[in-house]
Amino acid sequence: MTKSGAGDRTYSGGPPNTGDPTDTGHPTDTGGRTGTSRGADPGPAEESGAGRAVVADCAETADGTGWTEPEGNRGPGRLRDPVVVEPDPGPGTAGDAERNPHGLTPAQAFDALYAFCAPALVRQTYLLTGRRELARESVERAFQLAWERWPEVARDRDPAGWVRASAYEWALSPWHRFRPRYRHPEPPPSDAADRALMDALMALPAPHRRTLVLYDGVGLDLPETAAETEASTPAAANRLLHARETVAQRLPELADPRALHDRLAELASAERLRAAQPPAVRDGSERRARFWTRAAIAFTVALIGTTALTLRTAPTHYEPPVPPGETVQGVPPHVAPGPLSDKQQKLRSKLRKELLHGPERLAPQSR
């Protein structure tokens, strides 16, 4: 599969090209996206009022599956025309209004992107996880993150790809296995053929499954797939070949990539998966942002209070420690008194009598 122009994808049907042996491990596509992430375009989109976002990758086809067809199977009108999303240009001159005739607010631009991409993304994440609820949650979480960083997303060269990468990362996170709601598997698809394909997909490692869905399902070319999966082009090609071989061993009738593409589209569209409404997603994102902002403020106040209390109660000068006690030698042991002798008894009687009558007084004599 090669990419001949913006939004124009052709599918060869054969195994992917493993790339030039001198490949450096940093794939690029014809749009200039390199490496492992989709960052903001540092070009003219940084101007105020700029940021045209063409959404095509997540477009739903006429059958509602959200998948792009191979070149040989496409017919006229199979893929909707791209939707141009214009962020709010903000206050400006009349010339700015002419350059932005749509005049969409950020909320309207976000809602347009969500309505165009969310249904297809829910189906794609369902193929990645095999869980309906997790698929909906992943897409909703990705769009909440996109709304938090909307200035960056609106100026990205591929907002749909930005959201798709975030949804895939959340869906394939290994921490979901420790959540109580996801410890038990969901009911499998009702059709036996769909169950067999889903079992084959779940048997693949997560990176291989993601590569297979992006290349044979979404319709990305190999460099784009490598960039989105954070791998080199040869590594992405090897993952794709291994995934196809594993699926073909379990389901020999899907050895043909075109047949695999069709079955993936059928499996994705077989389940009734609905995404939340855009206002609910925006409200959830704002509530999450307010919660973490308040938590950060509370933590900062607690840290400042603890520091002030420590400074107030800490000693201001050095206090030497009290040395430990020492044993004194030569002190006779304490002995209990024994019986009195006759002499001691006479002395005690004499002293008691003197105490009663008092001692004899000496009177001075006159001379």
Side-chain angles (χ1 to χ4, degrees), residues 35-42 45-46 48 51 87-88 90-91 105-107 109-111 113-114 118 121-122 125 128-129 131 133-156 159 161-184 206-207 210 228-230 275-328:
T36 62
S37 64
R38 301 173 181 268
D41 188 3
E46 294 180 356
S48 62
D88 184 14
T105 64
F110 175 85
D111 292 351
L113 178 66
Y114 184 88
L121 279 179
V122 172
T125 50
L128 288 178
T129 61
R131 294 180 177 273
E133 186 63 28
L134 181 57
R136 287 188 288 263
E137 177 187 340
S138 301
V139 174
E140 183 176 346
R141 184 68 184 92
F143 274 97
Q144 288 178 353
L145 185 62
W147 181 241
E148 293 175 8
R149 306 178 183 178
W150 184 247
E152 172 190 348
V153 176
R155 288 170 171 80
D156 193 89
W162 194 100
V163 176
R164 181 178 60 239
S166 300
Y168 284 15
E169 291 292 338
W170 181 266
L172 296 177
S173 174
W175 299 107
H176 293 309
R177 69 185 67 177
F178 300 106
R179 301 173 61 182
R181 62 189 303 183
Y182 296 132
R183 288 180 181 176
H184 304 288
R210 182 175 182 178
E228 190 159 322
T229 57
E230 301 184 352
Q277 295 299 321
V281 176
R282 285 190 281 106
D283 294 342
S285 177
E286 293 170 0
R287 285 195 303 269
R288 183 185 298 271
R290 286 194 297 267
F291 170 77
W292 286 113
T293 301
R294 293 170 181 172
I297 293 175
F299 176 77
T300 303
V301 171
L303 183 62
I304 294 175
T306 304
T307 304
L309 179 63
T310 303
L311 293 177
R312 180 68 180 82
T313 58
T316 58
H317 59 279
Y318 176 72
E319 296 181 358
V322 178
E326 298 180 358
T327 304
V328 180

Side chain to side chain contact (heavy atoms under 4.5 Å, CB included) between Tyr168 and Leu128, intermediate numbers included: CA-CA 8 Å; Tyr168 284 15; Leu128 288 178; 3.5 Å; yes
What's the separation between atom [atom1] in [X] and atom [atom2] in [Y], rounded to the nearest 0.5 Å?
X	Y	atom1	atom2	result
Leu311	Thr316	CG	OG1	12.0 Å
Ile304	Phe299	CD1	CZ	10.5 Å
Glu140	Tyr114	CD	OH	6.0 Å
Thr229	Glu169	OG1	CD	9.5 Å

Name all residues meeting the side-chain contact (heavy atoms from CB on, under 4.5 Å) criterion together with Tyr318; count only those two or more places apart in sequence or in a different chain, and write none if there are none.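 Result, side-chain contact (heavy atoms from CB on, under 4.5 Å) vs Tyr318: Pro320, Pro321.
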Within the distance-only criterion (no hydrogens, no angle test), does the side chain of Arg210 pair as donor or acceptor with the backbone N or O of Glu228 below 3.5 angstrom?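 Looks like yes, one N/O pair under 3.5 Å.
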Taking Thr310 for its side chain and Thr306 for its backbone only, find out whether a donor-acceptor pair lies under 3.5 Å.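 Present.
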Heavy-atom pair of closest approach, residues [X] and [Y]:
X	Y	value
Ala146	Val163	CB-CG2, 4.0 Å
Leu145	Ser166	CD2-OG, 4.2 Å
Thr307	Leu303	OG1-O, 2.8 Å
Glu148	Ser285	CG-OG, 3.1 Å
Ala167	Ser138	O-CB, 3.7 Å
Ala135	Val122	CB-O, 3.5 Å

Report the C-alpha distance between Glu286 and Trp147 in whole Å, list the side-chain angles of each, state the deciding distance to 0.1 Å, and finish with yes or no for side chain to side chain contact (heavy atoms under 4.5 Å, CB included). CA-CA 8 Å; Glu286 293 170 0; Trp147 181 241; 3.3 Å; yes
Can you tell me if CZ on Arg179 sees more than 12 non-hydrogen neighbours from other groups inside 6.0 Å?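 Yes - once you tally the heavy atoms of other residues, nucleotides and ligands closer than 6.0 Å, there are more than 12.
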Arg141: side-chain hydrogen bond (donor to acceptor under 3.5 Å, both in side chains) partners, not counting sequence neighbours: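 Partners of Arg141 under the side-chain hydrogen bond (donor to acceptor under 3.5 Å, both in side chains) test: none.
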Run the side chain to side chain contact (heavy atoms under 4.5 Å, CB included) check on Phe110 and Val281 step by step: do they pass? CA-CA 10 Å; Phe110 175 85; Val281 176; 4.0 Å; yes
Start with the C-alpha distance between Leu121 and Phe143, add both sets of side-chain angles, then the distance that settles side chain to side chain contact (heavy atoms under 4.5 Å, CB included), and finish with yes or no. CA-CA 11 Å; Leu121 279 179; Phe143 274 97; 3.9 Å; yes
Any heavy-atom pair between the side chains of Trp162 and Arg149 that's under 4.5 Å?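 When only atoms from C-beta onward are counted, Trp162 and Arg149 do touch, with a gap below 4.5 Å.
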Excluding sequence neighbours, so at least two apart, what forms salt bridge (Lys or Arg N to Asp or Glu O under 4.0 Å) with Glu133?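 For Glu133 the salt bridge (Lys or Arg N to Asp or Glu O under 4.0 Å) partners, ignoring immediate neighbours, are Arg136, Arg181.
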